[in-house]
K.L.:
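Here you go, one structure.
One-based numbering, in listed order, for ligands and for the atoms of each.
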Amino acid sequence: MDKFLIRGGRPLTGSVRISGAKNSALPCLAAALLSSETVTLHNVPYVKDLITQRRLLEDLGATVLTPEIGTNIISAGNVDTFEAPYELVRTMRASVLALGPLLARFGKAKVSLPGGCAIGTRPIDLHLKAFEQLGANVSLESGDVVATAPKGRLTGAEIEFEKVTVTGTENVMMAASLATSVTTIRNAACEPEIEDLADLMSKMGAKISGAGTPVMTIEGVEALGSAEHSIIPDRIETGTFIVAAAITEGELEIRDCRPEHLVAVIEQLRAIGVDINEKDKTTLDVKKAAGGLKAKDVVTEPHPLFPTDMQAQYMTLMTQAEGTSNITETIFENRFMHVGELIRMGADISISGNTATVRGKTPLTGAKVIASDLRASASLVLAGLCAKGETFIDRVYHIDRGYETIVRKLKAVGADIERIKE
Ligand code: UD1
């Protein structure tokens with residue numbers, strides 16, 4: 001397993017380009033299964049989860065061409081199997097996104113129950129209940145979800161999610177797009193990735209309104225066609241680099257991003273003393289404000305509030321802020337696995353229920369630490385960048401799942417980081 005070696009204490013300076021959003025590219029690739037015609041996607045990040053998603057499409061019989069970095073041309077005209085194998089699904093939970101499109105287009109789908117990040121139980125009961133409301137028969141057979149649509153086609157329905165679910169909303173959007181009649185989704189997720197998926201699907205001919213709001217309507221159509229679409233920039237990578245600039249007391253230009261997709265993060269970081277200047281619609285200039293960082297509580301919530309995917313990185317930053325902050329995680333249980341590792345590096349953090357209390361500011365020192373999930377890995381990289389001495393991060397395959405060329409990007413702005421291959 002590869003490791004990172006970081007020699008900390010260097011301010012990051014320079015310019016960094018933000019990649020396409022992993023969490024948008026994943027459903028967009030799945031959406032290509034809805035059509036027998038070609039879907040061309042640009043700005044697809046080259047990260048492990050996307051490689052897995054491409055493998056999944058190919059296993060189903062689709063062709064995926066990558067004529068240049070970031071472009072995927074997907075032809076799902078030849079899809080002839082409807083099963084996502086356990087070997088793929090266990091490494092990536094987003095494989096469940098194949099369920100909606102397969103069920104919609106072919107009336108049948110079989111997908112293993114997912115694995116993915118070790119951040120709690122993460123069920124897919126809400127996806128399955130919604131498929132049933134669309135008329136599917138859903139059963140669990142030896143660890144696989146088997147779903148079929150009677151007479152081959154789903155029927156529009158009124159669906160109200162009891163809890164906001166991002167991939168659940170995406171799965172239902174895709175399932176409903178080829179159903180007879182109209183589907184309404186209430187308490188839909190409002191994440192920018194939902195809007196991006198709706199944009200792509202609309203280009204393919206889907207009739208979707210209300211994407212990005214809690215109530216969406218999808219009018220089923222007979223078939224979807226070809227489309228060309230560019231994936232939105234990754235808002236979590238953007239937030240991570242903002243923290244990187246602040247925690248190393250550096251100065252970064254962050255370009256090709258969409259600040260309007262991370263308003264809550266930017267507001268929170270400004271409030272604690274990070275100087276974030278919106279140079280233009282896609283560029284941010286970031287540095288730590290002169291007065292130093294002040295501790296401030298945060299609670300993770302569905303979009304547009306503070307995202308759970310920035311919680312770990314924010315916690316690392318709070319170790320360098322003056323005062324005490326309470327960080328409350330409301331989306332996932334078991335998402336504090338970075339805490340033990342940060343403590344080993346010198347942080348003063350205690351956990352009570354779903355709240356972590358960080359007492360700052362404490363100097364961090366390099367240590368051997370283990371990455372436990374994607375965003376936890378990012379928080380450890382950030383800790384390593386500001387720590388004194390050498391930090392070894394083990395199991396960096398987690399970070400490879402979602403951050404494109406992270407080592408190269410960080411090196412280019414002055415970080416002393418290297419990948420140690422094993
Ligand atoms: C997506 C993101 C992930 C992000 C998360 C929350 C992708 C590929 N991943 O994950 O990076 O951290 O949104 O913003 O887009 N739940 C149920 N039953 C279900 C579905 C979800 O109880 O059927 C619960 C989950 O356990 C969790 C909450 O709902 O507590 C939100 O999960 P959800 O929004 O579905 O997360 P993902 O879509 O898996």
K.L.:
Would you say Gln53 contacts ligand 1, with heavy atoms under 4.0 Å as the rule?
P.N.:
no
K.L.:
Mark up the atoms of ligand 1 that fall under 4.0 Å of a heavy atom belonging to Thr308, in ascending order.
P.N.:
6 (C), 12 (O), 14 (O)
K.L.:
Does any N or O atom in Asn23 lie less than 3.5 angstrom from one in ligand 1, N or O only?
P.N.:
yes
K.L.:
Grab the two heavy atoms, one from Thr38 and one from Ser226, that are nearest each other, plus how far apart they are.
P.N.:
O-CB, 2.9 Å
K.L.:
Short list, please: which atoms of ligand 1 are under 4.0 Å from a heavy atom of Arg335?
P.N.:
12 (O)
K.L.:
Under 3.5 Å between any N/O of Asp125 and any N/O of ligand 1: does that happen in this structure?
P.N.:
yes
K.L.:
Enumerate the atoms of ligand 1 whose separation from the nearest heavy atom of Arg93 is less than 4.0 angstrom.
P.N.:
39 (O)
K.L.:
If we set the cut-off at 4.0 Å for heavy atoms, which region of Val164 has an atom near ligand 1: side chain, backbone, both, or neither?
P.N.:
backbone
K.L.:
For ligand 1, is Glu193 a contact, meaning one of its heavy atoms is under 4.0 Å away?
P.N.:
no
K.L.:
Taking atom CG of Leu140 as the centre, does the number of heavy atoms from other residues, nucleotides or ligands within less than 6.0 Å exceed 12?
P.N.:
yes
K.L.:
Using salt bridge (charged side-chain N to carboxylate O under 4.0 Å, His left out) as the criterion, point out the one residue from Arg55, Arg93, Arg401 that pairs with Asp49.
P.N.:
Arg401
K.L.:
Would you please name every residue forming a side-chain contact (heavy atoms from CB on, under 4.5 Å) with Ser209, sequence neighbours left out?
P.N.:
Thr217
K.L.:
Is it true that Asp400 and Arg419 have a side-chain N and a carboxylate O under 4.0 angstrom from each other?
P.N.:
yes
K.L.:
Tell me which part of Thr167 gets within contact of ligand 1: side chain, backbone, both or neither, using heavy atoms under 4.0 Å.
P.N.:
both
K.L.:
With a 4.0 Å cut-off on N to O distance, would you call Arg255 and Asp280 a salt bridge?
P.N.:
no
K.L.:
Does atom CZ (Arg395) have a neighbourhood of more than 12 heavy atoms from anything else shown, all under 6.0 Å?
P.N.:
no
K.L.:
Is Glu219 atom CD crowded by more than 12 heavy atoms from other residues, nucleotides or ligands, each under 6.0 Å away?
P.N.:
no
K.L.:
Looking only at distances, please establish whether an N/O atom of ligand 1 is found under 3.5 Å from an N/O atom of Glu170.
P.N.:
no
K.L.:
Are there over 12 heavy-atom neighbours, none belonging to Asn78, within less than 6.0 Å of that residue's CG?
P.N.:
no
K.L.:
If you compare all heavy atoms of Ala147 against all heavy atoms of Val138, which two are closest, and at what distance to 0.1 Å?
P.N.:
CB-CG2, 4.2 Å
K.L.:
Can you list the ligand 1 atoms lying under 4.0 Å from a non-hydrogen atom of Asp309?
P.N.:
3 (C), 4 (C), 11 (O), 12 (O)
K.L.:
Counting heavy atoms only, which of Leu126, Ile124, Val166 comes nearest to atom 1 (C) of ligand 1?
P.N.:
Val166
K.L.:
Could you tell me whether some N/O pair between Ala94 and ligand 1 is separated by less than 3.5 angstrom?
P.N.:
no
K.L.:
Please work out, at 4.0 Å between heavy atoms, whether the side chain, the backbone, both, or neither of Gln311 comes within that distance of ligand 1.
P.N.:
neither
K.L.:
Evaluating non-hydrogen atoms only, which member of Ser24, Ser95, Pro123, Gly168 is closest to atom 21 (C) of ligand 1?
P.N.:
Pro123
K.L.:
Heavy-atom pairs closer than 4.0 Å: do any link ligand 1 to the side chain of His127, the backbone, both, or neither?
P.N.:
both
